Amino acid sequence: MLQTPYLHTTITTSAHLAQTMTLLSLTSTELQQKIESELANNPALELINERRCPMCKRLLPQNGNCPICSQPSDLTGTEPIVFISPREDFYYSNNQNFEDISDDPFSSESVDLPTFVLRQIAPELNPGDRLVAAYILTHLDEDGFLTINSYEIARYHHRQLSEIDAIIDKLKRCEPVGVCSKGPKEALLIQVEVLSESVTVPKFTREVIENGLDELSHHHYAELGRKLGISTIMVSNITNFVADNLNPFPGRASWGDVRNPNENSSKVYHKPDVLIYHLNENPINPLVVEIIHPIRGTLQINPLFKQAIKQADEDKIQEWKGDLDRASLLIKCVQQRSNALKMLLEKLVTYQRDFILLGEKHMNSLTRAELAKELGVHESTISRAVSSKTIQLPNKRIVPMSIFFDRSLSFRCLIKEIIENETKPLSDSDLQEILKEKGIDIARRTIAKYRSMEGILPAYLRQSNLEVAN
DNA sequence: CTATGGCACGGATT
DNA sequence: AATCCGTGCCATAG
């Protein structure tokens with residue numbers, strides 16, 4: 001049984017249980033959509049209380065003061081302040097007018113990928129095409145690739161295939177360049193094309209991508225050179241160029257992170273579900289944890305509706321009763337979701353404090369099962385709450401919440417560090433030795449995996465890179 | 001012969 | 001029950 005201190009209720013019916021589960025696994029954005037549609041369709045449900053904090057303009061929780069502004073500004077300590085925050089500025093409504101969208105496409109740092117792209121392209125399109133573009137953008141996978149083909153889009157919108165392709169072509173040229181491609185090859189080709197307008201691209205880059213992507217990723221440079229009739233040196237140049245300037249997965253924000261940690265590559269196109277930062281951005285202050293609540297106020301049962309039901313006709317009464325039940329169930333479940341997230345975050349932030357403050361190296365290992373035991377809830381509750389949610393850390397990076405349960409992250413970080421400071425290229429077995437001395441005993445094969453996860457080349461290729469640089 | 005990537009297995013995790 | 005992750009074995013390139 002899931003106890004909810006907030007409501008002093010326990011789960012009673014199976015419908016209740018099912019809905020609690022579903023809501024828990026939704027991201028804030030998805031929850032927002034769910035609530036909005038319910039508000040539109042269910043007359044028993046209404047939204048009240050748009051009180052705002054006079055200081056920070058945040059929408060206030062149902063009753064009580066602003067959790068931020070009511071804190072003394074010089075508060076210290078390690079206890080995080082965790083609360084549910086109805087911060088509307090993180091959300092846009094789906095039926096919002098596209099006119100507002102065209103404002104400052106690059107200024108907001110926390111929009112999801114579809115919005116980010118749409119804002120760039122909206123000014124160049126007529127309203128009809130904007131709809132199509134918006135539709136296309138909702139069918140991207142996490143790498144930024146299109147999951148449907150243009151024929152389906154054309155049929156869905158009753159447009160000519162050529163019109164659709166023209167729109168896709170425009171989309172591909174938006175930041176991140178190559179988004180909406182069908183796959184890595186197409187994305188790279190577009191990037192080359194766009195890049196060649198401003199900088200010189202090595203000769204044959206296009207041909208290499210077109211014909212030799214397999215060889216390229218397997219580092220068969222000599223073979224590739226032979227196949228295209230160019231020297232290995234040129235292939236190597238092209239490889240470096242591709243690695244430095246292009247990104248085969250336009251939607252994957254972590255790709256360029258390792259090499260050049262500039263603000264451009266660390267951008268992640270997800271709206272965070274949780275924000276973590278220092279109170280007033282001052283590092284000596286305790287951490288503030290805002291769990292984004294995606295609606296602008298409090299949900300409640302419409303009292304007029306309750307009145308009306310008493311005098312309703314016989315045939316209406318059943319239908320209305322249904323609405324009433326659905327509404328109260330939704331309210332209950334939304335509150336439980338918030339509450340579960342709050343409990344979860346309190347534990348998580350306390351336990352992984354070092355990671356949040358000091359970085360990936362200090363990640364503690366933690367499993368969902370342990371946390372579930374500690375909180376006295378079922379493992380699957382944690383699983384659902386964590387999955388598909390993202391967190392914005394104090395350093396403004398947005399990471400998936402599941403990162404808190406990544407055992408190998410600190411090892412990977414350590415390996416990266418060792419390799420960065422190496423004087424001669426260390427083979428995977430060398431690395432294994434070094435780590436063993438530090439008390440970390442992992443297999444040679446595993447090190448190889450971690451290394452490739454971090455996008456670090458094997459030892460013999462790092463050698464050649466050093467020589468080229470010197 | 002050495003370094004490394006692919007495949008697949010088994011155990012842990014979700 | 002399904003999925004993920006670490007690992008062993010083997011093939012291949014240099």
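For the numbers below, each heavy atom of this structure counts, side chains included, while hydrogens, waters and symmetry mates do not. All values derive from a computational prediction rather than experimental measurement.
In this structure, R384(A) reaches neither bases nor backbone, as no heavy-atom distance under 4.0 Å exists between it and the strands shown.
A salt bridge does not link R412(A) with E360(A): every distance from a Lys NZ or Arg NE/NH1/NH2 to an Asp or Glu carboxylate oxygen is 4.0 Å or more.
To the nearest angstrom, C1' of dA2(C) lies 14 Å from CD of E379(A). D441(A) has its CG atom 14 Å from the P atom of dG6(C), to the nearest Å. Atom pair I415(A):CD1 and dG6(C):C1' shows a separation of 13 Å (rounding to whole Å applied). Distance, M21(A) CE to dT14(B) P: 16 Å, rounded to whole Å. Here the C1' atom of nucleotide dG6(B) and the CE atom of M453(A) are 16 Å apart, to the nearest Å. Spacing between atom CZ of F404(A) and atom P of dT14(B) amounts to 15 Å, rounded to whole angstrom units. Here the C1' atom of nucleotide dT13(B) and the NZ atom of K373(A) are 16 Å apart, to the nearest Å. Regarding L366(A), its CG atom lies at a distance of 9 Å from the P atom of dT14(B), rounded to whole Å.
When distances are taken from the side chain of T446(A) to each of dT14(B), dT7(C), dT4(B), the shortest belongs to dT7(C). Comparing dG5(B), dC7(B), dC5(C) by their closest approach to the side chain of R407(A) singles out dC5(C). In this structure, the nucleotide among dG6(C), dT14(B), dG6(B) sitting nearest to the side chain of S408(A) is dG6(C). When distances run from any side-chain atom of R445(A) to the nucleotides dT13(B), dT4(B), dC7(B), the shortest one goes to dC7(B). Of all nucleotides listed (dT13(B), dG5(B), dT7(C)), dT7(C) comes nearest to the side chain of K449(A). In the set dA3(B), dT14(B), dG6(C), dA3(B) carries the atom at the smallest distance from any side-chain atom of S427(A).
Of the side-chain N and O atoms in Y450(A), one or more sit less than 4.0 angstrom from OP1 or OP2 of dG6(C).
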- Task: Decide yes or no on side-chain contact (heavy atoms from CB on, under 4.5 Å) for L348(A) and L366(A), but give the supporting numbers first.
- Result: CA-CA 9 Å; L348(A) 218 47; L366(A) 174 69; 3.7 Å; yes
- Message: Determine whether Y450(A) and K416(A) satisfy the following criterion, side-chain contact (heavy atoms from CB on, under 4.5 Å), listing intermediate values before the conclusion.
- Response: CA-CA 9 Å; Y450(A) 288 170; K416(A) 195 162 65 179; over 6 Å; no
- Under the side-chain contact (heavy atoms from CB on, under 4.5 Å) rule, what do I415(A) and L435(A) come out as? Steps first, then yes or no, please. CA-CA 8 Å; I415(A) 290 173; L435(A) 288 177; 4.0 Å; yes
- Query: Going through the distances and angles, do K438(A) and L414(A) end up as a side-chain contact (heavy atoms from CB on, under 4.5 Å)?
  - Reply: CA-CA 10 Å; K438(A) 291 183 185 255; L414(A) 195 56; 4.2 Å; yes
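The base of dG6(C) does not come close enough to the side chain of R412(A) for any donor and acceptor atom to sit less than 3.5 Å apart.
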